[in-house]
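The sequence lines fix the lettering, A, B, ..., with proteins before strands; numbering per chain opens at 1.
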Amino acid sequence: MVETILFYGFAALILISALLMIIAPNIYHSALFLALCLFGVAGIYVVLNSYFLAGIQVLVYIGAVVVLALFVINLTRRILDVDSDQHNEQLLPAVIISGLTAFLIISAVLKTNWGTMIAHRVAQDNTALTGRLLLNEFVLPFEIVSVLLLAALIGAISIVAGDKGAQK
Amino acid sequence: MDFKKLLWDLFYDTGKPLSQFYAWAHNLWMQTGLPGFILDVFFQLVIAVVIAVFIALNAIWIIYYERKFAALLQIRKGPNRVGPFGLFQTVADTVKMLLKEDINPDKSDILTFWAAPFIIFAASFGVFLVIPFGNGLIAGDVNIGMLYVLAISGLAVIGILSAGFGSNSKYSLIGGLRSAAQVISYEIPMVLTVLAVVMLAGSLKMSDIVAAQTGNPLKWYFIPQIVGLVLFLIAGNAEINRGPFDLPEAESELVSGFITEYSGMKFAMFFLAEYTNLFLTSALAATLFLGGWQGPFLPPVVWFMLKTYFIVTILMWARWTFPRIRVDHLMAFSWKILLPIALLNLLITAFLIKVI
């Protein structure tokens, strides 16, 4: 009962804020609605008892990704102008690609047999379980992701440092 | 019912009478046949109101304390006109704020300008969910406790950036950007020091972290984690934009930073959030490093408040003693000094846990 109410509440929040994010004329507002949308996703995780995932969702997606987007918008002058156009001219490719994506998602939703699948609520204290799984069974993918992130970090620093770094 | 025992329980084992009362109320409610979650929602609302009242009263006291303490350090008297010892000065200020006109600057962005104070206050209000005030006196002991604190308090950056953007003023914009850069930079050493404590306790849950330190002061984490405590206080002080790290509102160059354009009640929200954050950082330091509510003789709540205000005093002392540092030094300090020390601290802690 409570879960149903919470689920539909968060689902409505996600859909409405996602729609507002697309149609908002101001790009800063779009970023704020994106944060709201991601917060709704975190709420869905809480309903499913995945507290750890919800915490990470808020910490990484809202606390880092959206904040970075807001930061960049604040630093960029021209896109804040009232009469700057938020849309580009690529109507045809956009319709084709989003149509294809929508077709894929809708056909996947229709083909899945939802009746036999029950939403699996995980155990209460799954944080320790997640950690154990990450460092035992899935240690290889975990390490590969770490190395990938490290490479991205070093790449970003070398781009920023540029030639100045090479001269020193 | 033994009245004396109840009184003892209320002070020293607060969780027990509270859960007994909840069970009694739940039983009574179930006889009416209505769904049980309505009662739970009602209790949660009551807890939220209690916390809100606590925040307001605590802010009134902590602001008075800061002004008196600053006066002590600067050899002057501080507030001494309204009420005995000037105790009602903050109340008078609050009433003044409430009566002031609410000004929206021309060409400000209404949505972000209005949302910013609420986002900032909500971020500090939310953290109170997992603060253990006493034995069992915790609003919601979720199993990701510490992660929840870091996630929710990180949301304040969105409010700060929105305040800078929405005000449509160059001082606000620069203040907002500075603050965001500062909070993001100092969050990393803070998370790493918290991680060392979490590794020692073996849990993210706040009640487990407190319980792991036991009632013996020699086992509190400020002894193995003395480096961590100092790092936490420095990074925490920078996180809440106070003390020598108040670059975002450096009045000598930025008027008042991201709160330049705010007035009346919205300004009061920023002020309330700042002092609530000061209390929260101190409460977290007391919980993580000083054994939380544990201590001999006195009731847990009293111990918790004493420890918290001890840390508050240290942070205020730092604020009124050190000069504001330069903005490029601020970033270098976080990335080149605090981060390596925090990483080293984490590594040594992990090594010692495995060896000993």
Residue-level contacts of residues 179-190 of chain B with chain A, using a heavy-atom cutoff under 4.5 Å: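 At a heavy-atom separation under 4.5 Å, chain A is reached by B/Ala180, B/Ala181, B/Ile184, B/Glu187.
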Part of residues 114-130 of chain B lying next to chain A, heavy-atom separation under 4.5 Å: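 Within residues 114-130 of chain B, no residue comes under 4.5 Å of chain A, counting heavy atoms only.
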Heavy-atom side-chain contact between B/Phe165 and A/Leu70 under 4.5 Å: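 B/Phe165 does not reach A/Leu70 side chain to side chain.
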Test item: A/Tyr28 and B/Leu161 side chains (from C-beta on) under 4.5 Å apart, heavy atoms: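 A/Tyr28 reaches B/Leu161 side chain to side chain.
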Check the surroundings of atom [atom1] in [X]: do more than 12 heavy atoms from other residues, nucleotides or ligands lie under 6.0 Å from it?
{"X": "A/Phe39", "atom1": "CZ", "result": "no"}
{"X": "B/Phe113", "atom1": "CZ", "result": "yes"}
{"X": "A/Phe71", "atom1": "CZ", "result": "yes"}
{"X": "B/Phe42", "atom1": "CZ", "result": "no"}

Minimum-distance pair of heavy atoms, taken over all atoms of A/Gly55 and B/Leu147: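 For A/Gly55 versus B/Leu147, the nearest heavy atoms are CA-CD2, 4.1 Å.
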Using non-hydrogen atoms and a 4.5 Å limit, figure out which bit of [X] sits close to chain B: side chain, backbone, both or neither.
{"X": "A/Ile56", "value": "both"}
{"X": "A/Leu32", "value": "side chain"}
{"X": "A/Ala64", "value": "neither"}

